[in-house]
Every structure is written in C-alpha cells, then in structure tokens.
Protein chains: 2
Amino acid sequence: MEFKQIKNNKVYEQIIEQIRELIYEGELKKGDKLPSERQLKKDLGVSRASIREAFSALEMIGLIESRPGEGTFIRDSFDEDIFNPLSLILLLNDNVAEELLELRRVLEIDCVKLAAERATEAEIEELHSYIENLLSSSGYEEDSIKADKMFHYTIARASGNKVLLFFMRSISEAMDFHIKNTRTKLVSKKETMTDFARQHQQIFKALQEHDPEQAAAEMKNHLDYVEKLINKEIEG
Amino acid sequence: MEFKQIKNNKVYEQIIEQIRELIYEGELKKGDKLPSERQLKKDLGVSRASIREAFSALEMIGLIESRPGEGTFIRDSFDEDIFNPLSLILLLNDNVAEELLELRRVLEIDCVKLAAERATEAEIEELHSYIENLLSSSGYEEDSIKADKMFHYTIARASGNKVLLFFMRSISEAMDFHIKNTRTKLVSKKETMTDFARQHQQIFKALQEHDPEQAAAEMKNHLDYVEKLINKEIEG
DNA sequence: AGAGTACTGATGGTCTGACCATCAAATAAT
DNA sequence: ATTATTTGATGGTCAGACCATCAGTACTCT
C-alpha cells in the first residue's frame with residue numbers, strides 16, 4: 001500500500017498550481033494579463049489576501065509583474081534585471097564561496113566553448129568594446145567591475161542558451177554577496193586591470209576565430225589568474 | 001549626475017530585504033525561528049497581511065518554512081525536496097527543452113569529473129545499488145525512472161558541490177515538465193533499459209577507479225545515446 | 001472641431017479585525 | 001509519576017475598508 005504525500009495545503013499554493021497549469025497548457029503566455037484580484041476572488045472563491053500571497057510569491061521569482069492601476073501580467077522575459085531569489089538561498093550555505101568559484105569555473109568554460117561556436121558579429125563587437133572600457137576605466141573601480149562583468153555576461157549571452165545565461169547570472173549575483181569586497185580590492189590595482197584586459201583580449205581573439213578549444217584554454221588561463229588573486233586576498 | 005533606481009516600493013519587498021540582511025550578517029542562520037507574524041507586525045509597524053506576503057514569497061523559493069501552531073523557520077537545508085520555482089519560469093521559454101538538454105549535458109559531464117575525484121566509498125556503493133535497481137525494475141516504469149534519476153542525482157551529490165547539485169535538480173525538475181511523456185516512453189522498452197544499465201555500469205567503473213576523463217567519456221557516450229533516443233521520439 | 005482638463009471606475013497596495021485549526025507548554029486529574 | 005485537559009500562541013484564512021495610481025470617458029474652453 002502506498003500513499004501519496006498530501007501537499008498544497010495552503011490556498012495560495014493551490015492558486016499558484018492552477019496558474020502553473022494554465023501556463024503549461026498554453027492558456028497563459030508571456031505578456032498576458034491575469035484577471036484582477038477581485039475577479040479571481042470570485043472565480044476561485046478565496047479571499048484577496050490569499051491571492052495576493054500567491055502573487056507576491058510569483059512576483060518574487062520573476063514570473064509575474066503587478067502594476068498599480070493597470071493589472072497583473074506575465075513577464076515577457078526573464079532576461080531583464082530581476083532580483084534573483086537563488087542568491088538568497090545560496091547565502092545560507094557554508095563554503096558557498098568556494099563552491100561558487102568552482103561552479104563558475106566549469107560553467108564559464110562550457111559557456112565560452114558554446115559562444116565560440118555561436119557568437120554573432122554584433123556580440124563580438126560588443127565584447128571588444130568592453131575590453132576598451134576596461135582599459136579606460138583605470139582608477140574608477142565601479143566602471144572596471146562593470147566592464148569585467150559585462151564581458152563575461154556577454155559571453156554567456158553569446159552561448160545562445162538562455163537557461164545557461166540565467167544560471168551564470170545567479171552565480172554572479174550570489175558571488176557579489178560573498179566576495180564583493182575582495183572583488184573591489186582586486187580591481188583597484190592598475191596592474192591587475194591590464195592583466196585582465198590582456199587575458200580578455202586573448203579570449204576575444206579565440207571567439208573571433210570561432211575556436212572553442214582555444215577559447216576554453218584562454219578562459220581557463222584567465223580564471224586561474226583570478227582565482228589565484230582571490231585566494232591570495234582572502235588568505236593574506 | 002547619476003540617480004539610483006528607486007526600488008522596494010512594496011512593503012513586502014522591504015521586509016524581505018531586511019530578512020536578507022539579517023541572514024547576510026549572520027544573525028539568522030539555518031534552523032532559526034523567526035519572530036511570529038504578530039510580533040513582526042509590531043516591530044516593523046506593518047500589517048500582518050504584508051508580512052504574510054513576504055513570507056509566502058520566501059517560502060516559495062524554499063528559504064523559510066511555516067508550521068501552524070509552531071512558527072516560521074529558516075530551512076535547514078535545500079537538499080530536501082522543495083518545489084523549485086525555476087521550473088515554473090522555464091515553462092515560459094521557447095526551445096527550453098533543447099536548451100535544458102544542452103545544459104544538462106555540459107553540467108553532467110563536469111559533474112562526473114568532480115565526482116570521479118571525490119566520490120566516497122559509500123557513494124560508490126550507493127551508485128552500484130541503483131544499477132541493480134535499474135535491471136530489476138524492468139516492466140515497472142516508475143521504478144526504472146527512479147533508479148535512473150537516483151543514479152544521476154547521486155553523482156551530482158558526489159561532486160561535493162551543493163550549488164551544482166542544486167542546479168542539476170532544477171534542470172531535472174524542469175525537464176520533467178517538458179519531456180515527461182518522452183521519458184516514460186523511453187523507459188518502457190526493455191532493450192533501452194539494459195543499454196542504460198550497461199552504460200551506467202561503465203560510468204560506475206570509471207568513478208570507482210577515480211578516473212575523471214574516463215568517467216567524462218562514458219557519460220558523454222551515455223548522454224549521446226539518451227539524446228538520440230529523445231530526438232527520435234520527439235520527431236517520430 | 002480640436003486640445004486640454006476633470007471626472008469616474010477599475011486596479012493594485014495596505015491595513016484592521018476577526019475566526020479557525022494546530023501545536024506546545026502549563027495545568028489539572030488520575 | 002503518568003496521563004488528560006486546558007490554555008495560549010501561532011500560522012491560515014477571510015471580509016471589509018481606504019488609498020494611490022492609471023486608463024478611458026466626458027467635459028470644458030478656445
């Protein structure tokens with residue numbers, strides 16, 4: 001005899017489940033407007049409070065967006081800059097900094113391989129601009145960090161895999177919490193920045209020539225360098 | 001002149017932000033009990049409804065857990081079987097099935113390499129049992145699927161990287177939505193199952209010998225086989 | 001007739017106060 | 001000392017209210 005776990009005790013979870021099914025069946029698509037809270041209250045026979053609990057949960061994960069006076073809509077993409085709840089969960093784990101570094105390493109190498117195969121001319125051009133930004137940002141830590149981030153972010157985008165891009169962003173955001181100070185220290189040294197720029201240049205070349213293995217090798221080299229610096233900073 | 005985006009309009013978002021900071025600063029740790037909703041209502045000067053909206057959002061992403069009559073707690077691990085909100089977002093994306101397969105491929109290969117280096121005796125023994133389960137489950141699709149899943153899941157766990165494990169689970173859950181029927185069809189053929197078992201056996205051997213490259217090669221072989229079957233099933 | 005303004009209704013955002021089921025700890029009964 | 005019972009706190013749910021915002025409509029003035 002086997003019993004199935006009874007779940008969805010809570011009303012707001014059942015509401016989410018129904019919305020999920022509507023999405024799965026294609027009745028709700030990107031950009032669609034959901035019924036108003038008061039309408040759903042009638043349709044589902046629940047209170048507005050429960051509906052709002054469901055909506056706030058769905059809004060947190062970036063699935064929907066509520067606009068006062070207008071209504072509630074299914075977000076049309078998760079490319080945009082939404083708060084990533086994953087980073088919150090990762091906050092709780094011990095040794096998470098090491099694990100994030102390790103995971104970023106393997107993902108970034110996979111990423112750059114795919115990007116080497118698929119990067120468009122526009123993306124390659126974009127990458128070039130970030131190398132220049134990195135060089136010209138000397139002394140402005142925020143700009144340096146942004147240029148570095150955008151370089152890696154664009155590679156992830158060039159991989160053509162949106163789920164992979166999403167994961168890379170999750171890791172990046174989580175790392176911001178854990179090694180933010182370290183990052184700022186690294187970037188503040190001019191010597192480090194020129195090294196970064198040189199390594200980015202090597203990766204860029206390999207991408208330009210659509211050479212996955214070479215790109216992977218250059219990325220490894222870059223990450224080795226970065227991780228060495230981070231470890232030195234953390235220990236010393 | 002530079003303006004910062006004004007965010008956190010909503011009360012429930014500000015509550016989440018405060019909780020996040022408490023976690024970041026170490027004042028809230030795994031297993032800790034949060035103040036009761038009525039206490040927070042006093043402390044923060046907001047309504048219970050807003051607090052509950054914040055809590056439902058945090059519960060959705062698996063950060064907290066509310067137990068009637070007891071209170072609300074920070075979850076002590078995200079190993080457990082929580083609903084993964086990622087799979088909901090991924091529902092919206094086109095071509096997501098292909099992207100998931102591609103991403104699973106690269107992650108699984110990275111995974112098995114790490115596992116080859118770090119797998120403990122207990123984990124290797126566990127893997128062995130799932131191969132036997134796979135062989136003896138012939139005809140019972142649910143059992144076959146479970147044995148297959150557990151094999152891959154255990155490898156992810158053996159990688160020693162919890163964040164990686166978390167990602168693998170997210171992908172697995174998301175794939176369940178998108179190719180569930182396909183999976184069941186695959187598993188229903190006895191021939192396929194013996195092939196699976198043989199390939200698992202090869203992966204297992206490489207892990208047992210702690211040979212990362214060999215393990216990666218065997219895993220590639222296995223995934224090639226699986227993906228070929230899936231494509232055949234989807235097209236035909 | 002056209003342009004701008006004011007009104008109106010619907011919507012999300014928030015709060016209050018209430019009632020219930022559940023659980024744990026304190027209390028009473030054995 | 002053990003077992004029942006009571007009690008209080010907690011989360012879960014609901015109804016009803018008020019506000020700010022927005023879109024569409026009706027209105028006014030030129």
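Here is the naming used below: chain letters follow the sequence lines, and residue numbers restart at 1 for every chain. Every value quoted in this text rests on a predicted model; they were computed, and no experiment measured them. Hydrogens, waters and symmetry mates are skipped; everything else that's a heavy atom, side chains included, is used.
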key: Side-chain donor/acceptor of A:Arg38 to base of C:dG12, under 3.5 Å   = yes
inquiry  = Counting distance alone, no hydrogens or angles: does the base of D:dG12 have a donor or acceptor under 3.5 Å from a partner atom on the side chain of B:Arg48?
reply    = yes
ask   = When you check the gap from the basic side-chain N to the acidic O, do A:Lys162 and B:Glu99 get nearer than 4.0 Å?
value = no
key: A:Gly69 vs B:Glu37, nearer the 5' end of DNA chain D by closest nucleotide   = B:Glu37
query = Taking for each residue the nucleotide of DNA chain D with the nearest heavy atom, is it A:Gly45 or B:Gly71 whose nucleotide lies nearer the 5' end?
reply = B:Gly71
[X] side chain N/O closer than 4.0 Å to the phosphate oxygens (OP1, OP2) of [N]?
X	N	value
A:Ser36	C:dA10	no
B:Arg52	D:dG11	no
B:Thr72	D:dG11	yes

Rounded interatomic separation in angstrom, taking CD1 from A:Ile51 and P from C:dT14 = 16 Å
request  = Nearest whole angstrom, please: distance from the P of C:dG12 to the CD of A:Glu65.
outcome  = 13 Å
ask   = For B:Glu132, what residues pass the side chain to side chain contact (heavy atoms under 4.5 Å, CB included) criterion, not counting sequence neighbours?
value = B:His128
ask   = Should the pair A:His200 and A:Phe151 be assigned to parallel (<30°), tilted (30 to 60°) or perpendicular (>60°) ring geometry?
value = parallel
request  = Identify which nucleotide among C:dG13, D:dG11, D:dT13 has an atom closest to any side-chain atom of A:Pro68, counting heavy atoms from C-beta outward.
outcome  = C:dG13
